[in-house]
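What you see below is based on every heavy atom in this structure, not just the backbone, and it leaves out hydrogens, waters and symmetry mates. None of the values given here were measured: they were computed from a predicted structure. In each ligand, atom 1 is the first atom listed, and ligand 1 is the first ligand listed.
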Amino acid sequence: MPWLANDTDTIAAIATPRGVGGIGVIRVSGSGALACVQAAFRPSRRATYAPTRSHAITHGHLLAPSTGAVIDEALVSYYREPRTYTGEQMLEVAVHGGPVVLDEALAAVCEAGARIANPGEFTQRAFLNGRMDLAQAEAVADIIHAKTRHARRAATAQLDGALSRRLGSLRETLLDLLVEVEAHIDFPEDDLGFEPSEAVAAAIGAVATGVSELVAEGARGRYVRDGIDVAIVGKPNVGKSSLLNALLKDDRAIVAATPGTTRDVVEGHVDMCGVPVRLADTAGMRDTDDEIEREGVARSRRRAESADVIVGVLDMSRPVEGEDREILALVAGRSGILAANKADLAPAWRPEETMAGSVVVVSATRGDGLPDLVAAIAAAAAGPDSQSAEPPAVTNARHVEALRHAEESLGHAQRTASEALPPELIAVDLRGALNALGLILGDTASEDVLERIFSQFCIGK
Ligand SMILES: Nc1nc2c(ncn2[C@@H]2O[C@H](COP(=O)(O)OP(=O)(O)OP(=O)(O)O)[C@@H](O)[C@H]2O)c(=O)[nH]1
Ligand SMILES: [Mg+2]
């Protein structure tokens with residue numbers, strides 16, 4: 001992994017999306033960044049480009065260094081190290097936003113000595129130069145990839161250091177505890193007042209509580225960041241496809257009065273109270289001799305099994321019968337949601353009669369009850385506080401895993417301390433917990449972990 005080596009190359013990349021736009025930006029970072037841009041840039045008002053102030057913008061033209069041919073008009077921003085994104089000398093060259101002009105602009109800067117950056121290399125340098133910790137670096141990618149406003153808010157808070165501060169204070173308490181415990185290992189004959197018992201166990205317990213709170217937030221956060229799979233299931237003709245279309249506000253699935261219309265899984269994406277949802281309409285479940293429909297029903301069952309939340313649909317205008325009971329059992333077994341559809345027609349039964357926990361009365365064609373259904377889905381996915389104002393501090397599965405390790409080590413340490421076992425044993429677990437927290441912030445993360453994280457970033461970030 002050559003790029004994780006502490007290299008001092010000057011790197012450059014197109015930082016704006018490929019395609020056409022008002023402007024496009026080339027980013028350059030490294031000790032030779034200014035020299036590379038100087039070789040390709042002719043300012044309008046001076047003979048040479050020699051910025052004296054940081055964060056200043058200069059107008060001019062970008063040229064191909066070898067031929068002197070003008071590529072485009074350009075605005076160049078200069079950022080003096082170390083107060084830059086990467087912590088290194090940085091420049092940004094803004095030209096018109098077309099793929100050809102951007103390729104030529106990048107080639108000009110590279111001709112002058114820069115090399116093309118790897119994905120995430122700017123952020124990786126920011127991390128290696130101490131401009132941000134690993135959790136903050138990951139938040140940068142999360143902001144870019146956020147699927148909903150709620151996810152974006154969670155990522156912005158993480159970049160701002162909300163998670164890092166909480167982890168930092170837990171870590172500080174742990175370090176103090178470790179020093180106390182280790183002092184007793186080193187000088188057992190001294191009476192340092194160490195009580196490897198209740199007091200230490202309680203102090204460890206307090207940290208464990210803080211970690212557990214973060215783990216709990218992570219359960220909600222996974223949904224905020226990655227979203228959930230929701231399957232709409234029911235017998236034929238109850239209005240599943242109509243419901244999908246109504247929730248997506250799009251004419252996605254074919255709707256027809258003929259039972260057995262939908263044969264395959266039809267999907268769409270929608271934001272439900274800040275939770276990104278992948279919604280799947282499925283073939284109506286029934287016994288059938290039709291080979292294609294049978295395969296459709298098998299797919300429906302598989303999708304229902306793998307979904308995070310299932311929405312069972314019943315037709316309120318018709319008596320509950322045969323396959324409806326199977327759907328009711330499925331919903332009850334998975335704590336799913338029951339949608340009693342066609343509420344605009346004369347009802348054949350009342351919602352209370354289904355004995356299902358979460359029943360929402362809806363009309364897919366008229367739109368009645370849809371906001372309630374959306375709220376019920378979001379709540380089923382992310383718990384009752386899914387719509388709380390505060391975004392969860394933890395949204396990343398990697399962070400949750402590390403927090404779980406920390407939680408486990410602290411549980412051990414707490415037991416060891418309360419049983420008055422040797423302090424060496426407590427220290428081992430305290431170090432384990434510290435190591436796990438360090439994985440999130442990046443100081444104990446191995447090179448291959450770092451490489452994996454940064455390689456998932458886009459080029460130019
Ligand atoms: N009155 C009324 N009719 C509805 C409602 N929802 C769906 N329908 C009608 O019910 C029929 C079946 O609707 P679909 O959405 O195709 O039902 P489905 O469950 O997807 O059916 P399959 O794909 O065959 O399993 C169509 O004629 C719809 O117009 C509703 O809320 N009220
Ligand atoms: Mg259908």
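- Among all non-hydrogen protein atoms, the one lying nearest atom 9 (C) of ligand 1 is Lys342 NZ, 3.8 Å.
- Below 4.0 Å from some heavy atom of Lys240 lie the following atoms of ligand 1, by number and element: 15 (O), 17 (O), 18 (P), 19 (O), 20 (O), 21 (O), 22 (P), 25 (O).
- Geometry about the Mg ion (ligand 2) gives an angle of 90° between OG1 of Thr262 and OG of Ser241, rounded in steps of 10 degrees.
- Considering backbone and side-chain atoms together, Asp281 places no N or O closer than 3.5 Å to any N or O of ligand 1.
- The protein heavy atom nearest to atom 17 (O) of ligand 1 is Gly239 N, 3.1 Å.
- For atom 6 (N) of ligand 1, the closest non-hydrogen atom on the protein side is Asn341 ND2, 3.2 Å.
- From the protein, the heavy atom lying nearest to atom 28 (C) of ligand 1 is Val255 CG1, 3.7 Å.
- In terms of protein heavy-atom proximity, atom 32 (N) of ligand 1 is nearest to Asp344 OD1, 2.8 Å.
- Interface of Thr258 with ligand 1, defined as ligand atoms under 4.0 Å from a residue heavy atom, comprises 24 (O).
- Taking only nitrogen or oxygen atoms, main chain and side chain alike, Val238 reaches within less than 3.5 Å of ligand 1.
- Taking the six-membered ring where the residue is Trp, the centroids of Phe41 and His61 are separated by 6.0 Å or more.
- If you look at Val313 next to ligand 1, there are no close heavy atoms at all, none under 4.0 Å.
- Under the 30°/60° scheme for interplanar angles, the aromatic rings of Phe457 and Phe454 are found to be tilted.
- Of the inter-residue distances, the one linking Leu403 atom CG with His399 atom NE2 reads 8.5 Å to the nearest 0.5 angstrom.
- Salt bridge annotation for Glu293-Arg286: present, with a cationic side-chain nitrogen under 4.0 angstrom from a carboxylate oxygen.
- In terms of protein heavy-atom proximity, atom 13 (O) of ligand 1 is closest to Ser242 OG, 3.5 Å.
- Remark: Arg252 CZ to Asn245 CG distance equals 8.0 Å, nearest 0.5 Å.
- Ligand-side atoms of ligand 1 in range of Leu345: 1 (N), range being under 4.0 angstrom from any heavy atom.
- For Ser169 and Arg165, the side-chain atoms include no donor-acceptor pair closer than 3.5 Å.
- With a 4.0 Å heavy-atom cut-off, ligand 1 is reached by the backbone of Pro259 but not by any atom from C-beta on.
- Within 6.0 Å of NE2 in His405 there are 12 or fewer heavy atoms belonging to other residues, nucleotides or ligands.
- Of all protein heavy atoms, the one lying nearest to atom 24 (O) of ligand 1 is Gly260 N, 2.7 Å.
- Under 4.0 Å from ligand 1, the heavy atoms of Ala256 that appear belong solely to its backbone.
- Between Arg404 and Glu408 there is no salt bridge, since no side-chain nitrogen of the basic residue lies less than 4.0 Å from a carboxylate oxygen of the acidic one.
- If you check which protein heavy atom lies closest to atom 30 (C) of ligand 1, you get Thr365 OG1, 3.1 Å.
- No side-chain N or O of Asp290 forms a donor-acceptor pair with one of Thr288 less than 3.5 Å apart.
- Residue contacts with ligand 1, taken as heavy atom pairs separated by less than 4.0 Å, involve Asn237 via backbone and side-chain atoms alike.
- Using a 4.0 Å cut-off between a side-chain N of Lys or Arg and a carboxylate O of Asp or Glu, Arg18 and Asp103 qualify as a salt bridge.
- Remark: ligand 1 atoms within the under-4.0 Å shell around heavy atoms of Ala257 are 27 (O).
- For Asp315, the heavy-atom gap to ligand 1 stays at 4.0 angstrom or more.
- Of all the heavy atoms of Thr262, the ones lying under 4.0 Å from any atom of ligand 1 are found in both the backbone and the side chain.
- Taking backbone and side chain together, Thr282 holds no N, O or S atom under 2.8 Å from the Mg ion (ligand 2).
- Salt bridge Glu267/Arg303: present, at least one basic N to carboxylate O contact under 4.0 Å.
- Not a single heavy atom of Gly234 lies less than 4.0 angstrom from ligand 1.
- Taking NZ of Lys240 as the reference point, atom CD1 of Ile327 lies at 8.0 Å (rounded to 0.5 Å).
- When the shell of 6.0 Å around CD of Glu295 is examined, it contains more than 12 heavy atoms from other residues, nucleotides or ligands.
- None of the N, O or S atoms belonging to Ser242 lies under 2.8 Å away from the Mg ion (ligand 2).
- Atom CZ of Arg302 is surrounded by more than 12 heavy atoms from other residues, nucleotides or ligands within 6.0 Å.
- Remark: ligand 1 atoms within the under-4.0 Å shell around heavy atoms of Ser363 are 31 (O).
- Between Gly284 and ligand 1, an N or O atom pair is found at a separation short of 3.5 Å.
- Using modelled atom types and a 3.5 Å distance limit, the side chains of Asp271 and Thr148 yield no donor-acceptor pair.
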